[in-house]
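Right, one structure below, let's go through it.
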Amino acid sequence: MAPKNRITPEEALSYHLNPVPGKYEINASKPMATQRDLSLAYSPGVAVPVEAIAERPETAYDYTTKGNMVAVVSNGTAILGLGNLGALASKPVMEGKAVLFKRFADVNAIDIELDTEDPDEIIKAVSLMGPTFGGINLEDIKAPECFIIEQRLKEIMDIPVFHDDQHGTAVICAAGLINALELTGKKLEDCRIVLNGAGAAGIACLELLKTMGARHDNCIMCDTKGVIYQGRTEGMNQWKSAHAARTEARTLEDAMRGADVFLGVSAKGAVTPAMVEAMAPNPVIFAMANPDPEITPEEAQAVRPDAIVATGRSDYPNQVNNVLGFPYLFRGALDIHARAINDEMKIACAHALARLAREDVPDEVAMAYGRKLSFGRDYIIPTPFDPRLIYVIPPAVARAGMNTGVARRPIIDMAAYELSLKSRMDPTASILQGIHARARAAQARMIFAEGDDPRVLRAAVAYQRAGLGKALVVGREQDVHEKLTAEGLADAVREIEVVNAANTRHLGDYKDFLYARLQRKGFDRHDVHRLAARDRHVFSALMLAHGHGDGLVTGATRKSAHVLQLINHVFDASAADGAVGITAVLHRGRIVLIGDTLVHEWPEEEDLADIAERGVAVARGLGLEPRVAFLSFSTFGYPVSERATKMHRAPRVLDARGVDFEYDGEMTVDVALNAEQMSHYPFCRLSGPANVLVVPARHSASISVKLMQEMAGATVIGPILTGVDKPVQICSTVSTVNDILNMAVIAACRLGSAR
Ligand SMILES: NC(=O)C1=CN([C@@H]2O[C@H](COP(=O)(O)OP(=O)(O)OC[C@H]3O[C@@H](n4cnc5c(N)ncnc54)[C@H](OP(=O)(O)O)[C@@H]3O)[C@@H](O)[C@H]2O)C=CC1
Ligand SMILES: CC(=O)C(=O)O
Ligand SMILES: [Mg+2]
């Protein structure tokens, strides 16, 4: 179970540097295009909400961002497990937390790094920020100052103040432990628990577990000085004293002998295999230090195969990390305009998380995660990308808040609230996550045909290093070596496999195969040799056809029509063979598939029906419920035009085929995508806006996609080549490294191919 998703320091820096420094930006949520917009947004219009808020402060939740805005505040004194590296160095983590708030719970968060270690200064600064925010998330502030700061801010502020490292960690740890103990058949009140790390996270974890039933006498807490026992004086404070145990144990090693549970919120490598070996049967080990755990799952399970092991990292099973808590705790709290996040809300969150992991995992989650998950030793807690979290956890938190009187605006219709949470999240993010996870599970050997292009080489390295599978690069060894070195990736030379006509044993087979296909098309042996040995597109396609790779990505260096012609020497990938190009356009939380963007120049009505069917297969592969619209500049027969006729007839072809998806047409694109416009045609058979758009010709497809890309900044994936036997994907000459990687991912999860 070694982590597959290896990342290098260069990749981490490049991720933070490109395309712009940092991890987020701020966008306006209101139009700001005209003189009128300016008058409304700013002077004079803005005066109206100013006066309304001055008169009734609670309306700030209606007229400003306050109600969905959280401050992530740190002074950098306990950055993950890296220690006190200062306020500025903590900024990447705090920006990261802000992005997680947005990604997982649509909470707007802003990072604030305060350059002081003086609790009073932090208290003063944060309390003065109260009007701006709906909540305060304190992060990576070390103990014991964090206890004083949080306590005081809670007393003086009228919005939730929540120290994530304390309570977020405690909640997730409790949720994981509830389930781990259920699996081992032990009861919390009977367990001997050892906790290492008596700081922010440690104190809060033990406090919550004691509230939930763990017995004080069964719990031993350790820090850098060893066991915190009654009477110890060195390195103590009042928060540690509260957990001092009556025990003869003095070291972590002593404490772990016979323990049922080990909880680590201390530092890398604090636990040895010998300590784990000495634990009770079926031990539970949560090694939660970040980025490196107290002991790795491999090390722990090597000595104790009966152990249930969790870490704080995303590259092992069982990620016990506060990312499962803070986004949803704040979502629930903000939605009731809470004054605080209290113990009841935290416990409700822990139980809701534990329950969710025990539930049957629906296919959409398995699809998003790339493998079937079921409650057990390797799945005791939901995964961070579980799309159910957003609509299961916040309602539980909100309900607990309302029951305990912290809600300023209770939710009346809980069912409607859950529905609104479901539609709140950007579905495109989980689609991308889903295809990456499926590709990772497939572990495909991906052939990158154009090993002389630095973008392709970088994509190949990224493919392999992301744990997606093996990268096979077609090129000359020396050239690949030099180009990788020039890209600063010299160490990748040993990792990827370089293949070419000179170093393969299979060239003879490839040529025979090609000759058999081309001999009656005017090619002689000599032509075939040239194609197979010298053209990398053909050579790569031959590798794929012979099973010497599982997928192929090409087209970054030559026009796609040329590349497709070459591929056609090896595969049946022409319009006549039923090949179709489908492009996914992702923008502002919406995804539409457009076809045919690659193969058919001017499809006739039968072809249009084929294109619809291919689009539907891709939509389903992405987890979408397909709704097809045949697009034109006319809608249901008006205005009449010869050019619209085939779009008008294509649905009838599908009628005759008796297909099992929704389709209709012809219609204009606004009718297809806008429910309000569609409602003017009550007979329209689509139950909602279309997500598969069949366009009249390749040029209109290209124009629409490129217009969206250039004008709106949409993310474009494709064209995805479908209807070909094996996964071949053709990028474009303007593809970025990321685009090429996405095409490899599409090929790896066989979105368009039959086999
Ligand atoms: N998985 C998750 O979700 C989370 C994990 N964490 C991890 O927990 C750890 C602690 O964070 P936090 O509580 O915020 O930090 P703090 O600075 O508040 O506390 C650190 C505590 O760990 C103790 N400690 C440090 N090194 C060792 C060691 N080798 N052996 C025993 N005790 C040690 C310190 O002891 P002393 O008091 O003697 O100095 C102190 O009590 C970090 O690694 C962090 O990444 C934190 C939050 C969430
Ligand atoms: C996860 C987290 O908050 C930490 O390690 O500090
Ligand atoms: Mg933290």
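We count ligands from 1, going down the list as the structure has it; atoms in each ligand are counted the same way.
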Within reach of ligand 1, part of Ala78 (heavy-atom separation under 4.0 Å):
side chain

Short version for Asn321: what comes under 4.0 Å of ligand 1, heavy atoms counted, is both

Quick check: [X] and ligand 1, any N/O pair under 3.5 Å apart?
{"X": "Ala267", "result": "no"}
{"X": "Lys240", "result": "yes"}
{"X": "Met288", "result": "yes"}
{"X": "Lys225", "result": "no"}
{"X": "Val320", "result": "yes"}
{"X": "Cys222", "result": "no"}

Any atoms of ligand 1 less than 4.0 Å from a non-hydrogen atom of [X]? List them with their elements.
{"X": "Ala143", "result": "18 (O)"}
{"X": "Ala201", "result": "13 (O), 46 (C)"}
{"X": "Gly81", "result": "42 (C), 43 (O), 44 (C), 45 (O)"}
{"X": "Lys142", "result": "17 (O), 18 (O)"}
{"X": "Ala289", "result": "7 (C), 43 (O)"}
{"X": "Ala198", "result": "21 (C), 40 (C), 41 (O)"}
{"X": "Asn196", "result": "30 (N), 31 (C)"}

Measure [X] to ligand 2 on non-hydrogen atoms and call it side chain, backbone, both or neither using the 4.0 Å cut-off.
{"X": "Asn322", "result": "side chain"}
{"X": "Asp140", "result": "side chain"}
{"X": "Thr169", "result": "neither"}

Around atom 5 (O) of ligand 2, find the nearest protein heavy atom and jot down its residue, atom name and distance.
Asn290 ND2, 2.8 Å

Considering only the protein, which heavy-atom contact is closest to atom 6 (O) of ligand 2, and what is its distance?
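Checked against all protein heavy atoms, atom 6 (O) of ligand 2 sits closest to Asp165 OD1, 2.9 Å.
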
Hey, is the Mg ion (ligand 3) within less than 2.8 Å of some N/O/S atom on Asp164?
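No.
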
Heteroatom of Glu139 nearest to the Mg ion (ligand 3) (N, O or S, atom name):
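It is OE2 of Glu139.
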
Within the 4.0 Å heavy-atom shell around Lys97, which atoms of ligand 2 are there?
1 (C), 2 (C), 3 (O)

Give the atoms of ligand 2, by number and element, whose distance to some non-hydrogen atom of Glu139 is under 4.0 Å.
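Close to Glu139: 3 (O).
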
Tell me whether the NZ or CZ atom of Arg246 lies within the 45° cone about the ring axis of Tyr229 and under 6.0 Å from its centre.
no

For atom 35 (O) of ligand 1, which of Thr224, Asp165, Ile79 has the closest heavy atom?
Thr224

Quick one: closest heavy-atom pair of Phe286 and Gly176, and the distance?
CZ-C, 3.5 Å

